A.B. asks: 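Got a structure for you, questions after.
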Amino acid sequence: MELLEHLRNRQRQDADLFIHRIFLDRYPVTLVGATSLIDLPQTVKLLQTQVRHVVASESPLLAISGGIGERIGQEELVKVFEAITEGKLIIIPDNADPCIKLFPISRKLSRSIEAPMTENVLRGGISAFTEDLDTNIGIVKKQTMTDKLRIHTYWLGSGLRRKATLLYMDGAVNSSFLRELQLAVESHSTQDVPDLQTLNTMLGFTRWSLVTRFNTTELPENASFALNEGKVVMFLDRLPFAIVLPSLVGDMFASDNDRNYPLFFMLAIRLLRIVGVLINTLMPGVYVALVSVNPDVLRIELAMSIAGSRVGVPYPAIVETVLLLVTLELILEACIRLPKSIGTTITMVGGIILGQAVVEARLVSNVLIIILAATTIASFTVIGFHNAISIRISKYVVLILSALFGVLGLFAGMIVISAYLASISSFGVPYLSWPRSKEQSDG
Amino acid sequence: MDKSMQVIVVYLLTHIGLIFFMYPTDIIECLETGHWSAILLGFAIHVALLAVYLKGLQFGAPNNVIDIYKRFGRWFAIVFLFPVALYFAVVIVITIRAYSEIVTLVFLDNTPLWAIMALLLAVSSLVAVYGVETIFRTGILVALLFSPALLLVFSLSFQNADWRYMLPLIDQRAASFSYVFREPFLLSFFAFTGGFLFLGFIPPRIPYKPRKVLLASAALLPMFMLSVYVPLLTFGQSAASLLQFPFITAVDTVNVSWLMFDRITLFFLLSLVGFVMIYISLVMWKTALMIRSVVTIMSPIVTILLLTASVFLACLYIPNWHAVERILWWNTLLRLYVMLVIPFVTLVLGFRLHRKGAAH
Amino acid sequence: MNVKNVIPYASTMLLIVGMMTLLCGCWDNKDINHRALPIVMGIEKSEDDYQVYLLIPMKDQDKNSALVVSDKGTTINEVIDKMNKNLEMQIDLLHLKIIIFDRSIAEKGLNDSLSSFMRAGDVSPKTIVTITEHKLRPLFERMNAASLNNGISLYDYFEKNAGWSPHLAQTRIWHVFRSMQSETKDVPVPLISAGKATALESSGSAVLRKGIMVGKISSDETLMFNAFAGMGSQGKIEVMNQASVLIVSDTLSHSTSLVENTPVLNSKLTLKVTIIETKGSPTATLIQQELEELWTARYIRMFRKVQSNRADILGLGQLFRNKIPMDRLKYWRDDYYPRLKFNFRIHAIIQNEGLLKMKE
């Protein structure tokens, strides 16, 4: 009873482990598993029913191994422990026969399908992915309804195990991209993936990337659209969203959900999002450039009113802008962390009290407040929170260059950002490529 | 996977970046009337050379220019291509220096010159380090971002045109082509020869159709015409010939009452400076490629950084605008070599390679 | 190229830029509220010195006020420099909208000062040029007292989309600059003085020949000029003996010929008018005839005046560019223009008679 001995040792450190002796028909066996993952009474009931059937058909008990489980030799300790961690039930016969691993009735540990939390849908399906991997795959399969869908499952990590699933559409997917992606996943499969940052490094992307290399979506509709486009969708166990690879620039502006609107309206809102991104990255820079370096570009009326609003402001435009930008970022960050009920208070304090008082005290000019408000609003017109973050950073590059070189710095900043975006590619697919046609690159 | 689009866009915007500054000055200085003949002549030469060069490359495919020359011996390549590398290096120096001077003249009179040169160089070398595919994609993105400003300025630039300045259409001098060997006309080739050599350096993983590039070059003709005729029609030849940058000043006279900005020149100018940064990064990348084909141990980043540093020092060493103009003139010899010899030699070598390939 | 290698490079670049910021601060960049943005500049000559006046709007949002600064010096730039020393802000002339020259300066010629503006580029070439026959100090005080909106509205007096009326010539620095170089084109410059109820009043235009004031024409004659130059006379109400009409549109056509070395110009101006009031009961034909006679007489009078000044403000020489060879065109002002035969015809069309019918 070497195995049982090991298990008992383990039980002393892991209270969750149960070792339960029962009789199946007339054979004494030991059931081993994790209490928190297995619904034991139900499972035993199921076992008894099955055993009764087996006995009725007068075949040996071990035949159940062919039915609902698979054999593991008693000496294969690692495998046994792995199975227990995964939530399987292990049946150890009292004689030296190999033990049997089987799927028990597990406890319900994930929530039911709900509406998305970070993405809003106005027109279209609103059920979102959950933490349960199989549920997610099921939802996607229901959404796509095609036999071309291919699914690969990997176990990632050595200490902290995690199941990952790659889904792609046969025929649509860019085969060289898929091959390289699979290679990257397989070659790093022993690496632990506790978060998306490590996933990033596992897939071979640099950690300093300002742009997310994979989009995340909570909506099955978006995932299935991505699959149809030839992208690869990846699910990680316990993450309630799909990871879509590769991420392209178009994903900032175009969502599948747009197609539920009339075509003209769809084009208009996509244009609006592009304008939003431009406003967000450029406006603070434009303000600083025009106020402190190139005021001659403004019309005189505008120049006078901005100058008037800046009378008495004690520091240069760049300091003013950075101060207010940082305050806005703080408000944003605070709003995300706080529960919804307190969030409105922050809006009050930040928006009204701070905004009003700051202008009254002549700490910043009110034109700047207008500009930065527009900037902040504009940054969330893009699709997906991950994209909003990356464009939030890029405006500081433009800001610094504008403070130094005026409008020239603004343009130089635009080129630097363009070049940065252009330099990104994931597994041979450039960030700046258009998803429709697989090969052609376009802005 | 045809990437002609990228090649064409980069081809067009590097030329557009070069056209609007020195080119109109030279052409207006060159002739009193009938400027179109000088423009057309220069353009025809450009297209002819482009066609010859592209044909040679097509024969020599899939090799790039360096490889084609190297097939005929390492020293052969060094002898023929060294002037080209030198030309490129001088072009980077001149362009950086001239454009930062323009920027200070037109709108950044408080900013020290070295800072502007450092910015232009830093941005271009950053883009160059990323490599040619990035340069091409950046080109497309930049073209998309900046072209609205350009189109706006082009459509507004005729606001003050007096079409009668177009007349008389031709005179003795223009008809006899007597201007061809004079300094201004030769200098005006700066705008023609600057860009097209890059077509020979494109690696085979960016395939393009030479015919499309040749067709796209037609889009440049209106640009050349605009750059010369907008100032001519606004000021007349005698006033325009006094201006250092005629096109910029002509755009400065445009009065737009519905725009929130007073000087649309600035946006126009800066779009062009943006294009020029792309151009410089392209030339830098080419030069680094040539250097590395001889000194193979250097990594691309080190090569480009060294190049950047030496260009920066050279730029600091040039004392004034007059010196820039002098260097531009001395560089004409190299330019003539690059624009006349290289395309034809490439054609001959490419043809021989092609025959050899066919014989095997 | 391996992207990973680029990251240290990019961060080094960022570091350098950051260091630059720290080291140099922002060189000489002055925020907009530390710059004085004058709207109007007045230049007067007292003995050998220039007396320069600037009208600088104050930026306090609540108050409508402007500041008049004046100083003396041998050149305009020297005066500006002096003012800079005394003022707590830096003077930035790029937003200058109006330049007022004293008549005595205009009679000596504006060439030097305007050329220096064009050269330095610190004054926009779009700035409006005006001449006054009175002292500048009272004019500036009047402008300061009567202007609204910190004096910015003064500019609207000349703006076509605001308070401009077709009685007023609209001449900018670059127009004068062009005429200084041109053989065939001169410009009228509005003559202004302090108004009684309003800030400014116009009393016709000065005629500039190659940048030198040689005569003047009245407001009504300036209207003729504007109609001829295509600036439009729309909205102008013409009061005659029998009726008043409102000009709706005007179109102009020319034909030119050279008869025995004498230039002949036939012009036809088509006016479309509507009748707004009548005295007694004239017929439409009568009104039409009266209008035609009135305008023709005025045109001829204006033309004779400028012809005798040998100043071609209508730009008639331009029409002969393809008739007279370029080398002869140089003598247009002195040789051809005084001999020019100008046959002018007005064709008036009464577009409608308003809401009341007229008896035939």
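Letters A, B, ... are given to chains in the order of the sequence lines, protein chains preceding strands, and every chain is numbered from 1. Note that the coordinates shown come from a computational prediction; the quantities given were computed from them, not determined experimentally. The figures here come from the full heavy-atom set of this structure, side chains too, leaving out hydrogens, waters and symmetry mates.
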A.B. asks: May I ask you to list the residues in residues 171-180 of chain C that approach chain B closer than 4.5 angstrom, counting heavy atoms only, ordered by number?
C.D. replies: R172(C), W174(C), F177(C), R178(C)
A.B. asks: Any idea which of T249(B), T33(B), D162(B) has the most non-hydrogen atom pairs under 4.5 angstrom with chain C?
C.D. replies: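 That would be D162(B).
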A.B. asks: Looking at H254(C), I want to see if its NE2 is surrounded by more than 12 non-hydrogen atoms of other residues, nucleotides or ligands under 6.0 Å.
C.D. replies: yes
A.B. asks: Check whether V254(B) gets within reach of chain C through its side chain, its backbone, both or neither, counting any heavy atom under 4.5 Å.
C.D. replies: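 Interface part for V254(B): backbone (N, CA, C, O).
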A.B. asks: Could you work out, with ring pair (Phe, Tyr, Trp, His ring centres under 6.0 Å) as the rule, every residue matching F158(C), not counting sequence neighbours?
C.D. replies: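 For F158(C), no residue satisfies ring pair (Phe, Tyr, Trp, His ring centres under 6.0 Å) once neighbours in sequence are set aside.
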A.B. asks: Evaluate the criterion side chain to side chain contact (heavy atoms under 4.5 Å, CB included) for residue pair M118(C) and L242(B); output intermediate values, then yes/no.
C.D. replies: CA-CA 10 Å; M118(C) 287 292 283; L242(B) 293 177; over 6 Å; no
A.B. asks: Counting only heavy atoms from other residues, nucleotides and ligands, does the tally under 6.0 Å from CG of D112(C) exceed 12?
C.D. replies: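 Open.
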A.B. asks: Do side-chain atoms of K126(C) reach the backbone of D262(B) as a donor and acceptor pair under 3.5 angstrom?
C.D. replies: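 Flag set: sc K126(C) to bb D262(B) pair under 3.5 Å.
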A.B. asks: Going by atom type alone, with no hydrogens or angles, which donor-acceptor pairs under 3.5 Å involve a side-chain atom of residues 228-239 of chain B and a protein atom two or more places apart or on another chain?
C.D. replies:
residue: Y229(B); atom: OH; partner: W36(B); partner atom: N; Å: 3.2
residue: T234(B); atom: OG1; partner: V230(B); partner atom: O; Å: 2.6
residue: Q237(B); atom: NE2; partner: I28(B); partner atom: O; Å: 2.9
residue: Q237(B); atom: NE2; partner: L31(B); partner atom: O; Å: 3.1
residue: S238(B); atom: OG; partner: Q181(C); partner atom: O; Å: 3.1

A.B. asks: What pairs with S257(C) under side-chain contact (heavy atoms from CB on, under 4.5 Å), at least two apart in sequence or on another chain?
C.D. replies: V259(C), V264(C)
A.B. asks: Among V132(B), N160(B), T134(B), which residue has the highest count of heavy-atom pairs closer than 4.5 Å to chain C?
C.D. replies: N160(B)
A.B. asks: Measure distances from L329(C) to the heavy atoms of chain B and classify the residue's part below 4.5 Å as side chain, backbone, both or neither.
C.D. replies: neither
A.B. asks: Looking only at heavy atoms, which two atoms of R164(B) and Q318(C) are closest? And how far apart?
C.D. replies: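 In this case the closest contact between R164(B) and Q318(C) is NE-CB, 3.7 Å.
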